[in-house]
Amino acid sequence: MESKLLVKDKQIVIPGEDLAVGYDFLPGRGTFRTGESIRSKVLGQVRLKEKLVNVISLSGVYIPKPGDGVIGVVDDVQTTFWVININSPYKGILLLSEAVKEFVEVSKTDIARYFDIGELIYTKVINVTKSKIVTLSMMDPRAKKLRGGRIVTIIPSRVPRLIGKKGSMIEMIKEKTGCQIVVGQNGVVWLKGEREDLATKAILEVEKESYTSGLTERIARLLEEG
Amino acid sequence: MKAGAPEKLIIDGKRLDGRGIEEMREIEARIGVLKRADGSAFFRFGNTRALAAVYGPRQLHPKYLQDPKKALIRCKYNMAPFSSYERIRPGVSRRSIEISKILTEALSQVVFVEEFPRAAIDVFVEIIQADASTRCAALNAAALALADAGIPMKDLVSSCAAGKVDGEIILDVAGLEDNYGEVDMPVAMTPRDENIVLLQIDGILTKEEFEKALDLARKGCKKVYEAQKAALKEKYIEVDEDE
């Protein structure tokens, strides 16, 4: 049986659509195999990587995976841990031991003095169990509390486009607006600076047009015009 | 206006609304019609209009319903009070509970529920105008809304009704044919592999008639699928222009 690719790179496909037949191709992200054919699981855009066929979803929620940097809001403070809303169907657990380096005598301390309800943090996902229990950590050089500024939420699957190749897109927005920007893999973007409005506009434009080509130039123009 | 029972439902091979016996009503499908939902869709069969909204996957409450192995799909079918000739009493009815259940079961067959343990996927379908085959329209809209929400699925679900009026097997039962016809048979299937995910019969068919009706419904589902496919791709058409 001869293997054959049925789609082009960057093509929009729908759930159940055949992408390739035969065993010379491998089902990647957003795809599944039934018998000889590889099909798409989602409404998305095809990305070919040699023999690997991926489909990048055009929408959907954030599903945490270890190593992701995410922006979350403290939802609840318990005696030894915090519950963090990470813009996902699953809440994150931040243990005291993963958040504070010093010794804390739990019986005598209210740990809300470190992180209180409603505060914004950039944190790392360190573990995700099979039934999606998510543990977070602040023991990372980039993890920090985010003070002031504003947040913009975009579709999580479009975050890579906002960051761009080696951070090109986000660096350009930072440079041209002079804003401080932190992008969470969960689609939450924090920004702070004089020209927040312009940066927000650019970010939302990237989200809207994420599946088109020649986007970097268009965003550059949008930023120039102010 | 609601008319009394007509003497004949098929005259010279033409139905009351002028269609041939194997002809479907006009189909219209659109996605992303509701701004605040995670996914939404509109589907129309002639005068039957359904609006579907999908929320989730999201946290499931009450907690005892959570399944550590898979997501729970919750489907709610509702007819708007103004959707039919007579006012529909608002709230749940025996009929809406039944349809909600069959929609949930049909959609659970195609969604990769094991990817979202402990979560819920909520599907709300509102019938804004009813003229027979509302469950088919509801299912078609719901499948589109799920795809729009980015939920992984094995395939879409396409649905269409077949029936029997004046002794003839017909496709896409509408209006008076539903009220005064002999049989109404809604069918839903995954269009690629033709796995049937919903089949109900209201009336009596012989084996031969059933096979003919099923075959006709299958053809109808294919047509519905083409409309669904076009609706999904239409939203992101700009890509092709760029190339």
Side-chain angles (χ1 to χ4, degrees), chain A residues 8-18 27 29-35 37 39-46 55-65 75 83 85-91 128-134 155-158 187 208-215 217-218, chain B residues 31-32 37-41 54-60 66-71 110-112 114-122 143-158 190-193 195 225 228-243:
Chain A
K8 288 182 295 184
D9 195 33
K10 298 203 169 163
Q11 189 179 326
I12 301 285
V13 290
I14 66 169
E17 189 164 337
D18 284 316
R29 238 182 343 140
T31 65
F32 67 105
R33 181 183 279 289
T34 42
S37 56
R39 290 179 180 174
S40 175
K41 271 185 187 176
V42 290
L43 173 62
Q45 196 174 34
V46 176
V55 175
I56 309 298
S57 176
L58 288 160
S59 52
V61 294
Y62 171 66
I63 298 301
K65 59 177 198 299
D75 248 15
V83 180
N85 177 355
I86 51 169
N87 187 35
S88 161
Y90 310 104
K91 294 224 163 129
V128 180
T129 67
K130 215 170 161 188
S131 61
K132 306 282 181 199
I133 291 166
V134 183
I155 295 168
S157 65
R158 301 187 184 187
K208 207 175 110 209
E209 304 278 322
S210 69
Y211 52 91
T212 59
S213 48
L215 186 58
E217 292 88 79
R218 263 177 293 149
Chain B
I31 63 163
D38 293 325
S40 59
V54 169
Y55 296 85
R58 63 182 176 184
Q59 215 172 26
L60 173 55
Q66 289 187 0
D67 185 335
K69 280 192 176 147
K70 60 185 195 333
V110 293
V111 175
F112 283 91
E114 61 286 354
E115 289 194 15
F116 308 104
R118 298 190 293 125
I121 299 169
D122 288 316
L144 284 174
L146 282 171
D148 185 37
I151 290 165
M153 294 193 279
K154 295 185 186 90
D155 203 346
L156 289 177
V157 175
S158 301
T190 60
R192 254 159 228 278
D193 295 333
N195 293 322
Y225 179 58
Q228 287 175 313
K229 207 157 108 177
L232 288 172
K233 296 207 172 183
E234 190 184 33
K235 191 176 168 188
Y236 301 101
I237 205 87
E238 293 96 307
V239 174
D240 297 325
E241 287 169 6
D242 266 15
E243 281 163 0

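Chain naming here is simple, since letters A, B, ... match the order of the sequence lines and numbering starts at 1 in each.
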Could you give me the CA-CA distance, side-chain angles and deciding distance for B:K233 and A:E17, then say whether salt bridge (Lys or Arg N to Asp or Glu O under 4.0 Å) is met? CA-CA 12 Å; B:K233 296 207 172 183; A:E17 189 164 337; 3.2 Å; yes
Between B:A147 and chain A, which part of the residue has a heavy atom less than 4.5 Å away: side chain, backbone, both or neither? both
Provide the closest heavy-atom pair for B:D148 versus A:L43 in the form atom of the first, atom of the second, distance. CA-CD2, 4.4 Å
Side chain to side chain donor-acceptor pair (under 3.5 Å) with B:D155: which residues, sequence neighbours excluded? none
About how many Å separate CZ of A:F32 and CZ of B:F112, when rounded to the nearest 0.5 Å? 4.5 Å
About how many Å separate NZ of A:K41 and CD of B:E115, when rounded to the nearest 0.5 Å? 3.5 Å
B:D67: salt bridge (charged side-chain N to carboxylate O under 4.0 Å, His left out) partners, not counting sequence neighbours: B:K70
The reported gap from CG in B:D193 to OG1 in A:T34 (rounded to nearest 0.5 angstrom) is 6.5 Å
What part of A:I155 gets within 4.5 angstrom of chain B, counting heavy atoms only: side chain, backbone, both, or neither? neither
Heavy-atom contact with chain A under 4.5 Å, split by part of B:I151: backbone
Using a cut-off of under 4.5 Å for heavy-atom pairs, which of A:V55, A:I63, A:V61 has the most such pairs with chain B? A:V61
Might you confirm whether atom CZ of B:R58 has over 12 heavy atoms from other residues, nucleotides or ligands at distances under 6.0 Å? yes
